[in-house]
Number of protein chains: 2
Amino acid sequence: MSKKPRLTKRHRIAIDAMGGDHAPTEVVLGALDAAASYPIDLLLVGREPEVSDEVIRHAGTQPSNIEIVHAEEVVEMGDHPLTPLRAKRDSSIRIASKLVAEGRASAFVSAGNTGATWTSAKRDLKMIAGVQRPALAAIVPSLTPQGFTVILDVGANVEAKPAHLREFAVMGHFYAQMVFSLPEPRIGLMSVGEEEGKGNEVTKESFSVLKETGLNFIGNAEGRDIYNGNVDVMVCDGFVGNVVLKASEALGDMIKKNLSTELKANPLRALGAILANSAFSGLKRRLDYSEYGGAPLLGVNGGCIVCHGSSNAKAIRNAIRVAAEYTESNVTSKIRESISALHREEEKEGLVPAGE
Amino acid sequence: MSKKPRLTKRHRIAIDAMGGDHAPTEVVLGALDAAASYPIDLLLVGREPEVSDEVIRHAGTQPSNIEIVHAEEVVEMGDHPLTPLRAKRDSSIRIASKLVAEGRASAFVSAGNTGATWTSAKRDLKMIAGVQRPALAAIVPSLTPQGFTVILDVGANVEAKPAHLREFAVMGHFYAQMVFSLPEPRIGLMSVGEEEGKGNEVTKESFSVLKETGLNFIGNAEGRDIYNGNVDVMVCDGFVGNVVLKASEALGDMIKKNLSTELKANPLRALGAILANSAFSGLKRRLDYSEYGGAPLLGVNGGCIVCHGSSNAKAIRNAIRVAAEYTESNVTSKIRESISALHREEEKEGLVPAGE
């Protein structure tokens, strides 16, 4: 069920060819697929001979809409997030990020070191005027009509003040509009009870701040609302978002493992499993968020799509499509306008000095 | 797979007969089962005529080890947590709690309003000397050898300082020792990365505090470690614990719902599902934590076992067994001794003034 891209213009996307557990092979395969499927030009960033070999090996010849940009260094998964700013300035992540800063690409995609990707993006693309903190927005399967929910932040910030959560809500709104084609996504504030008075100091204060945004804010939500279909966008700090995302991944893995053990326990069950096999594929498809191809770092000037380290070619292809859609739907300018409108509102009310 | 109780002495347990979605029927059924299975005396607290009718209806006659204690009022699920302290002082929750405070029972069990249960316990049983914050400890299925992991706090506190997380670690240690029969449970600190420097201000500071406890502290853990078998006890603040617990419940429900839809999609799958049916029961059993019967509120003087509102008779029976084991294994005194040893240590080092 490959999604139809909503692309009417041609976009140029940079890809970190060396990032991820299966790089460069799966990244190059995904890029070749994307280059053949969408109206895009791709800049494949990495060690030129290696990347070129992969391209030729799989495609026979280098497609005309793919250009290889050499990068001498590679940021490893275990490297410190600041590595591309301090030590490996010629790494594929950093060069991909710079291509966006220089206007040679509108977005970049990496399945490499997440921290290194967002420090590069923050340094090179800079924050959108008025935005204080970027946020990483993940998409998880849920019981919403569209089958998925956006959750942010999932790890770009370990702490967040009400003003930051407000930014996350605004950014999540535009991202959900884009990926789900929803005019007014329902936004929930992650807390430990639905009533306004529930939660910790930050969520209590954030509740009234979010009510003033003009967004479709439905109030406090609970952990269960990520999955039960009650919200389209769940707003939380990066600590909570990261914990709940990783816990969910591991819980899914555990259930899969347990079910598989149980189904192999005797021949009758095994036969049943064979007959019902397509149901398990159906379940897998329902829970498969690789269609949404990675999590954007929202709040920077330009597209930065962070993919899971274990991304395969399909996930990379979809991340490239999302990067192009992100550009085409002007998420960056929408965030910029909306955030500055909020700040103007506050200045008018004398809540903050002009220019803050 | 009913667990064998580790009980050599006779214990007296109070039960809130009116608490829970299926009260009093399921509570009474669970109590009758427990009274017949374990060396215990039970005090069933609730509206006497109603509770008595239920007992007679199911057992024919009132067992000699069950006594009914009348309570005029009932705290509803939607009532404010302070209701049993202010408005409904004669509620079944409050009277059950007072029976423990007066020494007429060693522990009480309630599937009613969670907040009301723990405010009653805090008021009547009082905190263990030296403990600043109580913690609610939940048990979730996991890939550990024992098949389960303790996570605390899951909602008694929305914020926690390093000193509180240290208390949670100590209390979780003794609780896991008891329920899993593990001499040295592995304790993890919930964070967003495994390295010592990862996390927010609280987790960073807590890391060194936990290293000094003498417990089997394995360091920072991530959301995935709740389920992947890496830790026996996960320590976090009640906000994070509550979010992750509720999200996990909802994710499990969603997967179940999706799988069931897929299995009914065509006759072949349906046939397969029938053949493999026992595998699904096996999976359900693996994920069934009702054997552990509810979450204790750790840190108060005496046993207080909070059950899920949807508890059935089996969950209530198991919660009663856990309440008796909790008494027999002296979790309260172990926590008291361990916490005061930690405080003595700090006084010796001049970290805190004597008596703090």
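None of the values given here were measured: they were computed from a predicted structure. Proteins come first, then strands; the chains are lettered A, B, ... in the order of their sequence lines, and each starts at number 1.
Only the side chain of B:Ile226 comes within contact range of chain A, with heavy atoms under 4.5 Å apart. Using a 4.5 Å cut-off between heavy atoms, B:Ala265 does not touch chain A at all. Heavy-atom distances place the side chain of B:Lys257, and not its backbone, under 4.5 Å from chain A. Only the side chain of A:Thr261 comes within contact range of chain B, with heavy atoms under 4.5 Å apart. The contact between B:Thr203 and chain A is made entirely by side chain atoms (from C-beta outward), counting heavy-atom distances below 4.5 Å. A:Lys198 does not touch chain B: none of its heavy atoms, backbone or side chain, sits under 4.5 Å away.
Chain B forms the most heavy-atom pairs under 4.5 Å with one residue out of A:Asp237, A:Asn242, A:Val140, A:Val243, and that residue is A:Val243. Interface remark: of the candidates B:Ser281, B:Ala250, B:Gly193, B:Ala250 forms the most heavy-atom pairs closer than 4.5 Å to chain A. When B:Asn277, B:Val202, B:Val240 are compared by the number of non-hydrogen pairs under 4.5 Å with chain A, B:Val240 comes out ahead.
Residue A:Lys284 holds its NZ atom at 13.0 Å from CD of B:Glu262, rounded to the nearest 0.5 Å. In this structure, A:Leu271 CG and B:Leu271 CG are separated by 7.5 Å, a value rounded to the nearest 0.5 Å. Atom-to-atom distance recorded for B:Glu249:CD and A:Asn228:CG is 11.5 Å, nearest 0.5 angstrom.
Side-chain contact between B:Tyr227 and A:Asp253 is absent, with no heavy atoms from C-beta onward closer than 4.5 Å. Put simply, the side chain of A:Leu143 reaches to within 4.5 Å of the side chain of B:Asn258, judged on heavy atoms.
Heavy-atom neighbours of B:Lys314 NZ from other residues, nucleotides or ligands within 6.0 Å: above the threshold of 12. Residue A:Lys161 places its NZ atom among 12 or fewer non-hydrogen atoms of other residues, nucleotides or ligands, all under 6.0 Å distant.
Across every non-hydrogen atom of A:Leu251 and B:Leu251, the tightest pair is CD2-CD2, 4.0 Å. Considering every non-hydrogen atom in both A:Glu201 and B:Glu159, the closest pair reads N-OE1, 3.7 Å. Between B:Ile255 and A:Leu283, the shortest heavy-atom distance links the atoms O-CD1, 4.0 Å. For the residue pair B:Ala276 and A:Ala273, the shortest heavy atom distance occurs at CB-N, 4.2 Å. Of all non-hydrogen atoms in A:Leu275 and B:Gly272, the two that sit nearest each other are CB-CA, 3.7 Å. Across all their heavy atoms, B:Gly238 and A:Val192 have their closest contact at O-CG1, 4.4 Å.
For B:Arg269 (side chain) and A:Ser278 (main-chain N/O), a donor-acceptor pair under 3.5 Å exists by modelled atom type.
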